[in-house]
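Since this is a predicted model, take the numbers as computed values, not measurements. For ligands, and for the atoms within them, numbers begin at 1 and follow the listed sequence. As a basis for the values below, the full set of heavy atoms in this structure was taken, side chains included, without hydrogen atoms, waters or symmetry mates.
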Amino acid sequence: MDGFIQELRLIVGHSHVLTDAGDMAPYLVDWRGRYKGTARAVVLPATTQELADVVCQCAAMDVPMVPQGGNTGLCGGATPVCDGRAVVLSLRRLDRIRAIDADNNTVTVEAGCTLMAVQQAAAAAGRLFPLSLASEGSCTIGGNLSTNAGGVQVLRYGNMRELVLGLEVVLPDGRIWDGLRGLRKDNTGYDLKQLFVGAEGTLGMITAAVLKLFPATRSRSTAWIMVPDPQSAVGLLGLMRDTCGDRVTAFELVGRSALDLVLTHIPGMRAPLPSGAEWSVLLELSDSSDVSLDDRLAKALALAVERGLAIDGVIAGSLAQVHALWALRENISEAQRIEGFSIKHDVSVPVSRIPMFLERARAALQAAWPDVRIVAFGHIGDGNLHYNLSKPEAAGNQEFISLTPEANRIVHDLVAGLGGSISAEHGLGQLKRDLLPRYKSPVEIDMMRAIKQAFDPSGLMNPGKVLAVKEKKA
Ligand code: FAD
């Protein structure tokens, strides 16, 4: 028996250290099946102290550690590399809701809680935790924080960075930092918690968090609207905000090719309107009081049609219809996975430049590959598009995969030229790590490396993610 593995078993119990290839397999491949890694073991601690003890053992033995939550990340951040040296640390057993303070509007949860469990705990206390993603049944709060997850309500409530007040973290040397403060005002120096948000597990392991709660939603109105073009969608967003203010909670753009994939691959899906347009918007208003929002939405839509910003629309008449409209949006990733390999881009530009980006990207890609299928959709209210390319019917998968670097270059250069970001909400992981030097200045990369060095001088915390591993000097 490997003495190191034996030590880990003494800490977390025999059955919570997996070494059998079959048992480890689900932890060693990412959601899209694009990254496959190898590991010495998968360890599942149940408490912060157990995790800290495991981290101490790994640090003492110079063993790299890969934190993992729900394993729904889309950039290979939670998958170990292929050298077989790492231990995957799954946080899923740290899944307690520690406390809810309804007067302070906060909930304290462990990192392995699924997002859905936290939403449900908030609802049971008459509150709302607003982060909402299609993967919410599986993704965890630790993963949401570590990727600074966004989703469909960022427009109104902000992303994970804006929803966190305090953190508990196990540092790469095994020390525990208790920063579980539920304060909205705290100006006592550097905001350390924010360093761990979006760090993709490269600086330490988040074990618990204090999250903001909001008044529960008591009324909402959801509509599927066909728009003439993306410029009209941006105009519609402005009109909705002028007429409905902060009640505009979600504003999603869906390209026809994305909708078609869902209708083709996901059983039970129906087109929301009889004739399809090239572009649609899924829009939601919500309020914490019992007002009727349907009338307000209907009036705003009539105005939008009058101004040429919308062609036609349908307002959900029942909760079942609300779910049916959202299912069309939320199943796009799954439908695309079923369709086969696609070249994915998760990018952001200022909202006002979305139409320009879409037009320029289409022209550049079709000039390079006339048959390429563009599948575009996303959180356009946040300037965030998922801009994916599917293979033309005739092309073989292998041939299409080989186009990835060139397609990335076209899309990312355009994004950068418009003042945007090559990763809006999914992070860098392994997928975009090597693109960073082209799109961030040497000064910015130096600052990032300095932070990594300060927290993790041995380079054991999720190596090879976000930043490339630096060769050690002989
Ligand atoms: P994992 O995949 O397990 O890990 C992600 C990263 O965080 C890795 O680098 C990992 O090492 C690190 N990590 C995990 N837990 C911890 C921890 N406790 N401490 C330190 N580091 C940790 N994302 C969005 O932002 N918006 C969306 O709308 C969205 N929609 C999605 C829809 C689908 C169908 C799918 C499959 C994914 C979607 N995602 C979306 C991506 C993904 O769900 C999010 O990135 C999510 O936040 C990842 O959480 P996880 O628990 O699965 O993390």
Side-chain angles (χ1 to χ4, degrees), residues 26-27 29-35 37 45 48 51 55 64-80 86 88-95 109-118 131-154 159-161 167-172 195-209 250 252 266 326 329-338 344 346 348 377-379 382 384-386 423-431 433 455-456 461-466:
Y27 299 86
V29 59
D30 75 317
W31 188 82
R32 288 172 65 197
R34 183 175 175 144
Y35 292 98
T48 302
L51 177 66
V55 170
M65 295 161 263
V66 180
Q68 193 177 96
N71 202 16
T72 66
L74 299 174
C75 295
T79 313
V88 173
L89 293 173
S90 169
L91 284 276
R92 283 186 214 183
R93 290 178 67 228
L94 273 93
D95 62 355
V109 303
E110 292 187 343
C113 288
T114 62
L115 173 54
M116 191 181 274
V118 175
L131 191 79
S132 177
L133 321 177
S135 54
E136 61 200 20
S138 318
C139 66
T140 63
I141 292 298
N144 299 152
L145 285 158
S146 301
T147 57
N148 185 26
V152 293
Q153 303 198 122
V154 172
N159 49 28
M160 209 46 179
R161 197 178 284 293
L167 286 185
E168 179 185 82
V169 179
V170 173
L171 298 173
L195 287 176
F196 296 96
V197 178
E200 300 183 53
T202 59
L203 301 179
M205 284 182 218
I206 297 169
T207 48
E252 301 284 305
I266 309 292
W326 273 108
R329 164 65 185 88
E330 286 173 347
N331 276 299
I332 297 174
S333 298
E334 181 59 20
Q336 195 148 33
R337 181 160 81 151
I338 297 168
K344 289 184 186 270
D346 161 41
S348 64
F377 61 99
H379 319 295
D382 316 321
N384 176 192
L385 281 175
H386 299 309
S423 180
E425 59 174 8
H426 296 158
L428 299 168
Q430 307 182 53
L431 183 70
R433 178 196 65 197
F455 278 82
D456 183 25
M461 199 51 75
N462 213 2
K465 316 296 168 58
V466 179

If the test is side chain to side chain contact (heavy atoms under 4.5 Å, CB included), which one of V169, L167, L203 qualifies with L195?
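Filter result, single survivor: L203.
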
Roughly how far apart are [X] [atom1] and [Y] [atom2], rounded to 0.5 Å?
X	Y	atom1	atom2	result
M461	D456	CE	CG	6.0 Å
H426	N148	NE2	CG	11.5 Å
Q153	L131	CD	CG	8.5 Å
R92	Q68	CZ	CD	6.0 Å
T114	N144	OG1	CG	9.5 Å

Name the option, out of R32, M461, H426, that contains the heavy atom nearest to atom 40 (C) of ligand 1.
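Comparing heavy atoms across R32, M461, H426, the nearest one to atom 40 (C) of ligand 1 lies in H426.
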
Taking atom 20 (C) of ligand 1 as the point of reference, which of A134, S146, C75 owns the nearest heavy atom?
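The nearest heavy atom belongs to S146.
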
Which heavy atom of the protein is the closest neighbour of [atom], given with residue, atom name and distance?
atom	result
atom 53 (O) of ligand 1	G143 CA, 3.4 Å
atom 1 (P) of ligand 1	N71 N, 3.6 Å
atom 50 (P) of ligand 1	G70 N, 3.5 Å
atom 25 (O) of ligand 1	G150 N, 2.9 Å
atom 45 (O) of ligand 1	T147 OG1, 3.3 Å
atom 38 (C) of ligand 1	S135 OG, 3.6 Å
atom 46 (C) of ligand 1	N144 ND2, 3.5 Å
atom 48 (C) of ligand 1	T72 OG1, 3.5 Å

For ligand 1, the portion of [X] having any non-hydrogen atom under 4.0 Å away:
X	result
I206	both
E330	neither
A149	both
N159	neither

Shortest non-hydrogen contact from A86 to V66?
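Closest heavy-atom pair between A86 and V66: CB-CG2, 4.0 Å.
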
Are [X] and ligand 1 in contact, using a heavy-atom cut-off of under 4.0 Å?
X	value
H379	yes
E334	no
G429	no
Q68	yes
G204	yes
V66	no

Hey, is the main chain of [Y] close enough, under 3.5 Å, to the side chain of [X] for a donor-acceptor pair?
X	Y	value
R433	G464	yes
E136	L133	yes
D30	A78	no
N462	M65	no

Check: [X] N/O within less than 3.5 Å of ligand 1 N/O:
X	answer
C139	no
E200	yes
S333	no
L133	no

Can you tell me if [X] and [Y] form a side-chain donor-acceptor pair at under 3.5 Å?
X	Y	result
E425	H386	yes
D346	N384	yes
Q430	T79	no

List ligand 1 atoms under 4.0 Å from [X], heavy atoms only on the residue side.
X	value
M205	19 (N), 20 (C)
G201	20 (C), 21 (N)
L91	18 (N)
G77	8 (C), 9 (O), 11 (O)
N462	9 (O), 11 (O)
G73	2 (O), 52 (O)
A111	18 (N)

Are [X] and [Y] side-chain neighbours, meaning at least one heavy-atom pair lies under 4.5 Å?
X	Y	value
Y27	S90	yes
L74	R32	yes
L89	V55	yes

Pair T207, E110 - check side chain to side chain contact (heavy atoms under 4.5 Å, CB included), show working.
CA-CA 6 Å; T207 48; E110 292 187 343; over 6 Å; no

